[in-house]
K.L.:
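Please see the structure below; I have some questions.
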Amino acid sequence: MDYLKIFSPATVANVSCGFDSLGFAVEAVGDEMTFTKTAEKGVKITQITGANLTYNVDENVASAVVKKILLKANANFGIELTIHKGFSPGSGLGSSAASAAGAAFGVNQFLKNKYSELELTKFAMFGEEVACGSQIADNVAAAIYGGFVLVRSYNPLEIVKLPVPKKLRVVAIHPQIEVKTKDARAVLPTEIPLKDAVTQWANVGGLIAGLYTENYELISNSLVDIIVEPHRKKLIPHFDDVKNAALNAGALGAGISGSGPTIFALCKGNKIAKKVHKAIEEAYKNTGIDFEMFTSKVNAEGMKIL
Ligand code: HSE
């Protein structure tokens, strides 16, 4: 194989209650990347479209990951990359994760799938570190494994793939402002009261039980974040209006996608998703802030070879 084209999905990390430990992949939005095998060793980016990103191979998340894997595998070939960003960096939809995870998945195909999904997640976490300074796994694991994932442990890394209830739909609004993950992490408290921790971990348990049993009411009751959202929502103009509009229109729950500013709502079925999409659009259209929206299924597969 000398050439490969892949789709690497956008992802929603945290999923309200699961800060740094829950995430899911989106079907409708993602990046496309191509990989061309070269006789010359090393990595080169030949084209980036859809976003203004660096071609410097050590600073670009995708090439940094490819370089790391090629070195680790002692590969006797190189890779030329093209990257088409299907959504903006700084959106909260796992843009750097899509690049990092896509890079890890793509190069692994040229290595006869030498590395497991868990190992690819570790390589992709290195890409997250290049992007934001922290080795966060929730976005990259969701992109690599597909569906919902739980980062059960960071040390050692353990990823649990969770089921996707069939009727689950996600509606998302991306206000056209940028929130840097680093900044969104800086506003968080370093310590939390025990009673808040109890509420939060009970919600994580409830959400996971709801996913396994397709219990939409339990999912809805559990989509609550009392630890991170109260601090981060201040960085997102009109967050409460969007959330209230989504809930009033029948969403199961709504929250901040990753570190924002994208706001996501989970819904049961297409009909409610359509109503929620419209309600959010109405709530935002007179704010004077440009926005993009999508409605999507949860992407149960993750990466796709095109
Ligand atoms: N879990 C991370 C956060 C996702 O919320 O900061 C962003 O990469």
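Order of appearance sets the numbers: ligands from 1, and atoms from 1 within every ligand.
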K.L.:
Could you check whether K233 makes a cation-pi contact with F239, meaning its NZ or CZ is under 6.0 Å from the centre of the six-membered ring and within 45° of the ring axis?
P.N.:
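No - K233 does not lie over the ring of F239 by the 6.0 Å and 45° rule.
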K.L.:
How does K182 reach ligand 1, if at all, at less than 4.0 Å between non-hydrogen atoms: by side chain, backbone, both, or neither?
P.N.:
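Contact part for K182 vs ligand 1: neither.
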K.L.:
Tell me which part of N139 gets within contact of ligand 1: side chain, backbone, both or neither, using heavy atoms under 4.0 Å.
P.N.:
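Within the 4.0 Å criterion, N139 contacts ligand 1 through side-chain atoms alone.
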K.L.:
For ligand 1, which is the ligand I care about here, please tell me if T181 has any N or O atom under 3.5 Å from one of the ligand's N or O atoms.
P.N.:
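Min N/O separation from ligand 1 is not below 3.5 Å for T181.
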K.L.:
Hey, is K243 close enough to E229 for a salt bridge, meaning N to O under 4.0 Å?
P.N.:
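Salt bridge present between K243 and E229.
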K.L.:
Would you confirm whether the ring centroid of F87 sits within less than 6.0 angstrom of the ring centroid of H174?
P.N.:
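Here the rings of F87 and H174 have centres that are no less than 6.0 Å from each other.
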K.L.:
Does a salt bridge link K285 with D290, judged by any charged N lying under 4.0 Å from a carboxylate O?
P.N.:
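Salt bridge: no.
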K.L.:
Within 45° of the six-membered ring axis of F126 and under 6.0 Å from that ring's centre, is NZ or CZ of K68 located there?
P.N.:
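Output yes; distance and angle both within limits.
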K.L.:
Among protein heavy atoms, which lies nearest atom 6 (O) of ligand 1, and at what distance?
P.N.:
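That would be R185 NH1, 2.6 Å.
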K.L.:
Between Y3 and F35 (judged by ring centroids, cut-off 6.0 Å), do the two rings come close enough to count as a pair?
P.N.:
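No, they do not, as the ring centres are separated by 6.0 Å or more.
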K.L.:
Run the numbers for me: atoms of ligand 1, each under 4.0 Å from some heavy atom of F19, listed by number.
P.N.:
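Ligand 1 atoms under the 4.0 Å threshold to F19: 3 (C), 5 (O), 6 (O).
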K.L.:
Among all protein heavy atoms, pick out the one at the shortest distance from atom 2 (C) of ligand 1; state its residue, atom name and that distance to 0.1 Å.
P.N.:
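Here the closest protein heavy atom is D20 OD1, 3.2 Å.
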K.L.:
Any nitrogen or oxygen of E128 lying under 3.5 Å from a nitrogen or oxygen in ligand 1? Just yes or no.
P.N.:
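Checking ligand 1 against E128, no N or O pair falls under 3.5 Å apart.
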K.L.:
Quick one: does ligand 1 sit under 4.0 Å from the side chain of D138, the backbone, both or neither, non-hydrogen atoms only?
P.N.:
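Contact part for D138 vs ligand 1: side chain (C-beta onward).
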K.L.:
Considering the heavy atoms of G258, write down every atom of ligand 1 situated less than 4.0 Å from one of them.
P.N.:
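In order of number, 5 (O).
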K.L.:
Checking K85 against S95: is there a side-chain donor and acceptor pair closer than 3.5 Å?
P.N.:
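Looking only at side-chain atoms, K85 and S95 do form a donor-acceptor pair, the distance falling under 3.5 Å.
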